[in-house]
Amino acid sequence: MNSAAIKVLVDAELDPQLQSIGYKILNKERINFDEGVALFEKASLSYVGALANWVREEKHGNKTYFNRNFHIEPTNVCVFSCAFCSYSRLYSNREEGWELSIDQMMHIVKSYDGKPVTEVHIVGGVHPKMNMEFFLELLRTIKAHRPALHIKAFTPVELDYMFKKAKVSVAEGMRLAHEAGLDSLPGGGAEIFHPDIRKQICDDKVDAVGWLNIHETAHQLGMHSNATLLYGHIESFSHRIDHMERLRSLQDKTGGFNTFIPLKFRNQDNDMSHIKESTIVEDMKMYAVSRIYMDNFPHIKAYWPMLGRKNAQLTLSFGVNDIDGTIDDSTKIYAMAGSEEQTPTMSTADLVRLIKQVKRQPVERGTLYNEIRDYSLVDATGLELDSQTN
Ligand code: V47
Ligand code: SF4
């Protein structure tokens with residue numbers, strides 16, 4: 001929808017508050033806390049969706065980014081017990097857990113030798129015996145083997161635990177990790193920052209202040225990072241906006257965040273299985289409000305292994321301009337939580353096709369959104385050839 005058409009839509013809105021929010025968005029003014037909540041509570045999906053799509057097109061046109069990455073999950077053994085987690089196993093239940101050695105992880109890294117991946121994403125449980133020195137050694141070994149591979153690794157949950165155990169400050173720990181090869185931080189571990197919810201779903205791990213401090217420290221070192229929000233469980237709309245507000249404020253200060261990633265709560269095999277999952281309408285509204293509220297975040301990402309590829313495709317009309325990457329089947333966290341994507345793997349050809357089907361422009365990016373290749377003019381034969389190299 002172009003600017004003239006969207007103005008007609010806003011002019012026709014009957015609710016005065018929603019209409020004034022619409023004008024603010026069209027004037028590129030920031031909406032406030034109450035207005036964010038009002039969008040969730042009162043706006044129709046078509047209204048909020050059209051506004052979010054307009055914002056997305058103003059920022060990125062039709063461009064839809066993806067990258068070529070692979071995941072390593074060092075362990076699913078975890079000292080914490082988040083109620084929503086279907087993936088972790090306690091140290092006392094290690095027969096159901098895995099723990100990879102550096103050699104085993106390097107075997108995964110080496111299996112991508114000669115392939116055009118640009119990023120490795122490393123996140124896992126918090127294993128009581130895998131310490132900071134182990135992870136620094138892992139970073140150094142990967143960098144020595146493939147210096148150009150971008151290492152996006154470790155959430156503040158893992159980092160906070162390893163720093164405390166190693167008795168180093170956050171500033172010192174982050175400096176050492178960066179020096180060893182850590183290039184950026186993924187967005188995990190954020191969940192819902194508000195203590196009323198956090199204490200019910202993940203009481204024992206790093207709190208909001210600790211999470212934000214680790215990202216701020218990374219930004220001060222010149223590193224970039226992502227941020228997530230786990231939605232669709234016991235949180236209210238105000239809790240979601242509170243979470244986004246805290247991230248938006250830090251972003252005003254540092255400018256270090258690249259991408260905001262709303263994560264849909266999946267309810268299989270965890271302590272919150274009694275909670276019904278959000279509907280597709282609620283999902284699309286979450287993405288749309290995120291695009292509008294997070295005005296200083298350049299990108300909004302839908303993580304397709306968790307949403308499913310068809311729903312991820314739909315988000316591209318509700319504010320999303322990134323659908324992550326080609327990931328392979330080593331990603332277990334969502335399969336174990338009930339995602340329809342039991343073996344999440346998509347080739348570049350699949351991703352490009354998915355983006356083109358909704359008339360968007362597929363662009364391969366690096367982790368920091370440097371554009372690697374525009375696929376809009378690549379024909380089907382080219383795509384198939386490409387997929388063989390992936
Ligand atoms: O923090 C765990 C979530 C996150 C469930 O930065 C669940 O590029 C839904 O953060 N239902 C880890 N979600 C994954 C993550 C991520 C993924 C992809 C890309 C990036 C990035 C980051 O997974 C955890 C938690 O919020 N999670 N269990 C569940 N049952
Ligand atoms: Fe551990 Fe992360 Fe699962 Fe929480 S979400 S139990 S920190 S693996």
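All heavy atoms count here, side chains included; hydrogens, waters and symmetry mates do not. Positions are given from 1, in the same order as the sequence printed here. Computed from a predicted model, the values in this text were never measured in an experiment. Note that ligands are numbered from 1 as they come in the structure, with each ligand's atoms numbered from 1 the same way.
Of the candidates G188, P156, G124, P186, it is G188 that places a heavy atom closest to atom 10 (O) of ligand 1.
Judged by a 6.0 Å distance limit and a 45° cone about the ring axis, R291 is not positioned over the six-membered ring of Y287. Taking the ring centre of Y293 as origin, the terminal cationic atom of R248 falls inside the region bounded by 6.0 Å and 45° from the ring axis.
Near G125, meaning under 4.0 Å from one of its heavy atoms, ligand 2 places the atoms 8 (S). Which parts of ligand 1 touch K301 is read off a 4.0 Å heavy-atom cut-off, strictly below it: atoms 8 (O), 21 (C). Interface atoms of ligand 1 facing L230, defined by a heavy-atom separation under 4.0 Å, are 7 (C), 9 (C), 13 (N). Taking a cut-off of under 4.0 Å to the non-hydrogen atoms of I261, the atoms of ligand 1 that pass are 6 (O), 8 (O), 20 (C), 21 (C). Residue N270 has at least one heavy-atom neighbour below 4.0 Å for each of these atoms of ligand 1: 30 (N). Each of the atoms 1 (Fe), 6 (S), 7 (S), 8 (S) of ligand 2 lies under 4.0 Å from some heavy atom of C78. Residue N226 has at least one heavy-atom neighbour below 4.0 Å for each of these atoms of ligand 1: 6 (O), 8 (O), 21 (C). Ligand-side atoms of ligand 1 in range of F265: 9 (C), 11 (N), range being under 4.0 angstrom from any heavy atom. Applying the 4.0 Å criterion to heavy atoms of T228 picks out, from ligand 1, the atoms 10 (O). Annotation for ligand 2: atoms under 4.0 Å from non-hydrogen atoms of F84 are 5 (S).
Aromatic pair F84/F265: centroids not less than 6.0 angstrom apart. For F257 and H219, the gap between ring centers is short of 6.0 Å. Close placement of the F66 and Y375 rings is indicated, their centers lying within 6.0 Å of each other.
Residue contacts with ligand 2 for C82 involve both N, CA, C or O and side-chain atoms from C-beta outward (heavy atoms, distance under 4.0 Å). By the criterion of a heavy-atom distance under 4.0 Å, both the backbone and the side chain of F84 are placed next to ligand 1.
Other residues sharing a hydrophobic cluster with Y65 under the 4.5 Å side-chain heavy-atom criterion for ILVMFWY residues are V363, Y369.
The distance from atom CD1 of I292 to atom CD1 of I21, rounded to the nearest 0.5 Å, is 8.5 Å.
Between R266 and ligand 1, at least one N/O pair is under 3.5 Å apart. Ligand 1 has an N or O atom lying under 3.5 Å from an N or O atom of K152, backbone or side chain. Of the N or O atoms in Y303, none lie within a sub-3.5 Å distance of an N or O in ligand 1. Annotation: G189 places an N or O atom under 3.5 Å from an N or O atom of ligand 1; distance criterion only.
Ligand 1 lies within reach of H121, whose nearest heavy atom is under 4.0 Å from it. In this structure, E191 is part of the shell of residues with a heavy atom less than 4.0 angstrom from ligand 1.
When side chains are defined from C-beta on, P262 does not count as touching T228, because their heavy atoms never get closer than 4.5 Å. Annotation: side chain of I108 is in contact with side chain of L100 (closest heavy-atom distance under 4.5 Å). Taking 4.5 Å as the limit, every side-chain heavy atom of M244 sits out of range of all side-chain heavy atoms of L247.
Ion pairing between E119 and K152 holds under the 4.0 Å rule for side-chain N and carboxylate O.
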Run the numbers on D322 and R365 for salt bridge (Lys or Arg N to Asp or Glu O under 4.0 Å), then give the verdict.
CA-CA 10 Å; D322 186 317; R365 62 162 176 88; 2.7 Å; yes
